[in-house]
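The structure appears right after this line, and notes come after that.
Just follow the structure's listing: the first ligand is 1, and inside any ligand the first atom is 1.
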Amino acid sequence: MDSVKNKNIWIIGASSGIGEALARELAAQGAKITISARSEDKLKAIADSLGEGHTALPLDASNPDMLINAANSFKDLDTVIFLAAIYAPHSKETKDIDFIHKMLDVNIGGVFNTVNAVQPVFEKQGKGQIILCGSVAGYRGLPYGQPYCATKAAIHNYAESLKIELEPKNIDVKVISPGFVKTQLTDKNEFPMPMIIETDEAAKAIAKGITGNQFEIHFPKKFTYIMKLIKILPTPLFFALSRKMRKAQ
Ligand SMILES: NC(=O)c1ccc[n+]([C@@H]2O[C@H](COP(=O)([O-])OP(=O)(O)OC[C@H]3O[C@@H](n4cnc5c(N)ncnc54)[C@H](OP(=O)(O)O)[C@@H]3O)[C@@H](O)[C@H]2O)c1
C-alpha cells in the first residue's frame with residue numbers, strides 16, 4: 001500500500017488510547033475509518049469528531065458472531081487493525097482466574113475471531129491487510145509479566161504463522177510491538193516505565209508502518225532495540241538477568 005488515503009481501515013479497540021489516536025492520525029491522512037470497541041457512546045463521539053465518512057461499529061471482540069457480522073458489513077475493506085486488549089497488574093491477575101479467562105477471550109480470542117471473520121472477506125476481494133498488536137512484553141517471559149504478556153507472546157507467534165500462510169492469497173500480515181505508551185492501560189502500573197511515549201507518537205509510528213514493507217512495527221526504537229537484544233540472549237543468560245528482577249519473597 002503506497003498511502004492510506006481513501007483506504008477503508010477498520011480499527012478494533014479504538015474507543016481510547018493507541019486505537020483512538022491511530023483513528024485520528026489515519027483520518028487526518030485521508031483514510032476512511034471504522035472504529036470498534038464495546039463503548040458505543042465513546043465510539044460515536046470519536047467517529048463524529050473525525051468528520052464525514054467515518055463510522056462507529058460497536059462490538060465485543062470476544063463474540064465471534066459479532067465479528068463475522070461486522071466484517072460482512074463492509075463493501076470494501078483494505079485493512080483491519082486489532083488493538084483490543086484488557087489488562088490488570090500482576091498482583092490482581094494472579095488472584096482472579098475469572099479475569100484471566102476474560103483476558104484470554106479478548107486478547108487472544110478476539111484476534112482469532114477477527115482473522116476468522118476477515119479472512120474470507122479478503123480472499124473474496126483478492127487482497128487485504130491484517131495487523132495484530134503484540135508487545136515487546138511478549139518477546140520473553142519476564143517475571144511478573146504473565147499472564148497478560150503470555151497473551152501478547154501468542155499474538156507474535158500467530159502473526160508469524162499467518163504472514164507466510166496468507167502471502168499467496170495477497171493478504172499482508174503485520175504485527176505491532178509497542179514499548180510503553182501512556183494510556184489508561186499503563187496508568188494501572190505502579191512500576192517505572194522506561195522511555196514511555198504519548199499515544200500520538202505511537203499512532204504516527206503505526207500509520208507509517210501500515211504502508212511500509214516491514215512485518216513488525218515497533219516503537220520507540222531506543223527501547224524496542226534493547227528488548228530485541230534481550231530476546232536473542234541465550235536462555236541461561238536471560239534467566240540470570242531476569243532473576244535480578246525478582247522481588248524479595
Ligand atoms: N499502552 C502500552 O504501553 C502498550 C504496550 C504494548 C502493547 N499495548 C497494546 O496496545 C493495544 C491498545 O492498548 P492501549 O494501551 O491503547 O489500551 P486502552 O486504551 O485500554 O485500549 C484498549 C481498547 O480495547 C478495547 N476493548 C477492550 N475489550 C474489548 C472487547 N471485549 N471488545 C472490543 N474492544 C475491546 C477498549 O474499548 P472498550 O473498553 O470500549 O471495549 C479500548 O478501546 C492493546 O492491544 C495493548 O495490549 C499497549
- Query: Should the proximity of I18 to ligand 1, defined as any heavy atom under 4.0 Å, be assigned to the side chain, the backbone, both, or neither?
  - Reply: both

- Item | Side-chain donor or acceptor of H156 paired with backbone N/O of S135 under 3.5 Å | yes

- Task: Search all heavy atoms of L59 against all heavy atoms of A70 and return the closest pair with its distance.
- Result: CD2-CB, 3.7 Å

- Okay, side chain of K188, backbone of Y87: is any donor-acceptor separation there less than 3.5 Å? yes

- Proximal atoms of ligand 1 relative to Q184 (non-hydrogen, under 4.0 Å): 18 (P), 19 (O), 20 (O)

- Item | ligand 1 contact by G134, heavy-atom criterion under 4.0 angstrom | yes

- Item | Donor-acceptor side-chain pairing of Y139 and K228 below 3.5 angstrom | yes

- Item | Ligand-side contact atoms (ligand 1) for residue partner G17, heavy atom cut-off under 4.0 Å | 16 (O), 19 (O)

- Do any N/O atoms on L83 end up under 3.5 angstrom from N/O atoms on ligand 1? yes

- Task: Quick one: look up the protein heavy atom nearest atom 37 (O) of ligand 1 and list residue, atom name and how far away it is.
- Result: S15 OG, 2.8 Å

- Query: Which residue supplies the protein heavy atom nearest to atom 21 (O) of ligand 1, what is that atom called, and how far is it?
  - Reply: S16 OG, 3.5 Å

- Message: Y148 versus ligand 1: do any nitrogen or oxygen atoms come within less than 3.5 Å of each other?
- Response: yes

- Message: Evaluate K204 against E25 for salt bridge (Lys or Arg N to Asp or Glu O under 4.0 Å), listing each step before the verdict.
- Response: CA-CA 7 Å; K204 282 193 169 53; E25 177 64 32; 3.5 Å; yes

- Message: What's the separation between atom CD1 in I232 and atom CZ in R140, rounded to the nearest 0.5 Å?
- Response: 10.0 Å

- Item | I68: hydrophobic cluster co-members (side-chain, 4.5 Å) | none

- Considering only the protein, which heavy-atom contact is closest to atom 13 (O) of ligand 1, and what is its distance? L185 CD1, 3.9 Å

- Give the residue and atom name of whichever protein heavy atom lies nearest to atom 29 (C) of ligand 1, and the separation in Å to one decimal. R38 NE, 3.4 Å

- Message: Would V106 count as being in polar contact with ligand 1, using the rule that some N or O on each side must be under 3.5 angstrom apart?
- Response: no

- Query: Counting N and O atoms only, with roles assigned by atom type, does the side chain of N8 sit under 3.5 Å from a partner on the main chain of D76, one being a donor and the other an acceptor?
  - Reply: yes

- Task: Run the contact test for K152 against ligand 1 with a 4.0 Å cut-off on heavy atoms, strictly below, and give the result.
- Result: yes

- Query: Going by the atom numbers of ligand 1, which of them fall below 4.0 Å from some non-hydrogen atom of A61?
  - Reply: 30 (C), 31 (N), 32 (N), 33 (C)

- Note on the structure: atom 10 (O) of ligand 1: closest protein heavy atom, distance to 0.1 Å, is C133 SG, 3.5 Å

- Message: Tell me whether the rings of Y225 and H218 are parallel (<30°), tilted (30 to 60°) or perpendicular (>60°).
- Response: perpendicular

- Task: Distance to 0.1 Å, residue and atom name: give those for the protein heavy atom nearest to atom 6 (C) of ligand 1.
- Result: S135 OG, 3.3 Å

- Establish whether F122 and L166 are linked, either directly or via other cluster members, by ILVMFWY side-chain heavy-atom contacts under 4.5 Å. yes

- Evaluate the ring planes of W10 and F74, with Trp represented by its six-membered ring, and classify them as parallel (under 30°), tilted (30 to 60°) or perpendicular (over 60°). tilted

- Note on the structure: the protein heavy atom lying closest to atom 25 (C) of ligand 1 turns out to be G13 CA, 3.8 Å

- Message: Apply the hydrophobic cluster definition, ILVMFWY joined by side-chain contacts under 4.5 Å directly or through others, and give me every member besides V181.
- Response: M1, V4, I9, I11, I18, L22, L26, I33, I35, L43, I46, L50, I81, L83, I131, I176, I197, I206, I210, I217, F219

- Message: Please check whether D60 reaches ligand 1 - meaning an N/O of the residue sits under 3.5 Å from an N/O of the ligand, judged on distance alone.
- Response: yes

- Query: Short N/O distance, under 3.5 Å, between T186 and ligand 1?
  - Reply: no

- Counting each atom of ligand 1 from 1 as listed, which ones have a heavy atom of L59 under 4.0 Å away? 32 (N), 33 (C)

- Query: Taking all atoms of both residues into account, what is the closest heavy-atom pair of A137 and C149, and its distance?
  - Reply: O-CB, 3.2 Å

- Going by heavy atoms in the side chains, are T183 and T186 under 4.5 Å from each other? yes

- Give a yes/no verdict on whether any heavy atom in A137 is under 4.0 Å from an atom of ligand 1. no

- Which segment of I86 sits under 4.0 Å of ligand 1 when only heavy atoms are counted: side chain

- Message: If the cut-off is 4.0 Å to any non-hydrogen atom of S39, which atoms of ligand 1 fall inside it?
- Response: 38 (P), 39 (O), 40 (O)

- For atom 22 (C) of ligand 1, grab the closest protein heavy atom and report residue, atom and distance to one decimal in Å. A85 O, 3.8 Å

- Side-chain donor/acceptor of S39 to backbone N/O of D41, under 3.5 Å: no

- Does F82 reach ligand 1, in the sense of a heavy atom lying below 4.0 Å from it? no

- Note on the structure: Short version for S177: what comes under 4.0 Å of ligand 1, heavy atoms counted, is neither

- Do any heavy atoms of T199 fall under 4.0 Å from ligand 1? no

- Query: After noting the C-alpha distance and the side-chain angles of F112 and Y158, does the key distance pass the ring-ring contact (aromatic ring centres under 6.0 Å, His included) rule?
  - Reply: CA-CA 9 Å; F112 286 109; Y158 184 48; 4.3 Å; yes

- Quick one: does V181 get an N or O within less than 3.5 Å of an N or O on ligand 1? yes

- Query: Quick one: which ligand 1 atoms are inside 4.0 Å of a heavy atom on A84?
  - Reply: 24 (O), 26 (N), 34 (N), 35 (C), 45 (O)

